[in-house]
Amino acid sequence: MNEIPNEVVHKELDLIQKCVERMSHNSFIIKGWTVLLFSGAFAFWENHPQKQELLPVVAISLVILWGLDAYYLQQERNFRQLYAWVIEARKNGNTDNLYNLDYKKAKCSSCILKAFFAPIMLLLYVVPLCVVISLFLYNCDIKITYKGENKVYKTTPAASIEKDNVSPNYKPSHLAKDSATK
């Protein structure tokens with residue numbers, strides 16, 4: 001077999017390593033945007049008049065960033081597999097796909113679902129998504145129609161105590177007894 005010069009192999013590995021670094025950097029930037037989006041949403045949470053409108057935007061943005069991050073993680077894994085394949089192939093004198101950065105020709109493929117549900121991805125995206133969804137459900141009004149009656153149940157603590165439903169002559173039982181004895 002033909003001996004491939006070390007300079008050629010090192011240059012090819014350097015090109016692959018640069019691709020791995022670029023994908024890793026892109027993934028890091030996406031994670032930064034995710035943290036910024038999530039913390040920024042809660043910074044504006046108290047002063048935002050329509051909280052129900054803010055939460056779906058944050059949730060959709062989290063899902064989009066999660067998908068982008070999973071894509072870059074998958075690409076990074078594919079280039080790492082290509083790196084390992086090049087080392088093994090060049091040791092054996094294989095000059096196929098020399099300087100070719102197409103990882104598919106080296107039969108490298110990482111599933112995007114594995115990248116999507118990697119532990120770090122679940123921690124970084126599912127936890128904030130669950131918080132956003134639970135806050136959305138907590139702050140929305142639930143409308144129930146039963147036998148022609150329309151009732152709106154408010155799920156927020158402040159909205160659940162409605163002054164309109166309390167009779168002006170109402171006194172709690174412990175106060176009613178005290179006023180009768182006087």
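We number each residue from 1, following the sequence as shown.
- The number of heavy-atom neighbours closer than 6.0 Å to OH of Tyr71, taken from other residues, nucleotides and ligands shown, is 12 or below.
- A distance of 13.0 Å separates CZ of Phe38 from CG of Leu65, quoted to the nearest 0.5 Å.
- Taking the six-membered ring for Trp and thresholds of 30 and 60 degrees, Trp66 and Phe117 have ring planes more than 60 degrees apart, a perpendicular arrangement.
- Between the CG atom in Asp14 and the CD atom in Glu21 there is a gap of 8.0 Å [rounded to 0.5 Å].
- Interatomic distance, CG of Asn6 versus CG of Leu13, reported as 10.0 Å (0.5 Å rounding).
- Minimum heavy-atom separation, Met121 to Asp69: CE-C, 3.2 Å.
- Residue-environment remark: CZ (Phe28) stays at or below the threshold of 12 foreign heavy atoms within 6.0 Å.
- Side-chain atoms of Tyr72 and Arg22, non-hydrogen and from C-beta on, never get closer than 4.5 Å to each other.
- Atoms NZ and CG, from Lys31 and Asn26 in turn, are 11.0 Å apart once rounded to the nearest 0.5 Å.
- For the pair Val86 and Ile16, the minimum side-chain heavy-atom distance is below 4.5 Å.
- Residues Ile120 and Leu37 share a single hydrophobic cluster, defined by chaining ILVMFWY side chains whose heavy atoms lie under 4.5 Å apart.
- Tested against Val132, the residues Val127, Leu137, Leu62, Ile60 include a single side-chain contact (heavy atoms from CB on, under 4.5 Å) partner, Leu62.
- Between the CG atom in Leu73 and the CG atom in Asn78 there is a gap of 10.0 Å [rounded to 0.5 Å].
- Within the 4.5 Å cutoff, the side chain of Val58 has no heavy atoms near those of the Phe44 side chain.
- Rounding to the nearest 0.5 angstrom, the gap separating the CG atom in Leu82 from the CD atom in Gln17 is 11.5 Å.
- The residues Glu7 and Lys11 are annotated as not salt-bridged, no charged nitrogen and carboxylate oxygen being separated by less than 4.0 angstrom.
- Annotation: Tyr83 is not in aromatic contact with Phe79 [ring centroid separation under 6.0 Å not met].
- Nearest heavy atoms, Ala70 versus Ala115: O-CB, 3.4 Å.
- Across Gln75, His25, Arg80, Arg77, a single residue satisfies side-chain contact (heavy atoms from CB on, under 4.5 Å) together with Val20, and that is Arg80.
- Using a distance-only test at 3.5 Å, with no hydrogens or angles considered, a donor-acceptor pair links the side chain of Thr34 to the main chain of Ile30.
- Under a hydrophobic clustering in which Ile, Leu, Val, Met, Phe, Trp and Tyr are joined whenever their side-chain heavy atoms come within less than 4.5 Å, directly or via other members, Val57 and Leu129 fall into different clusters.
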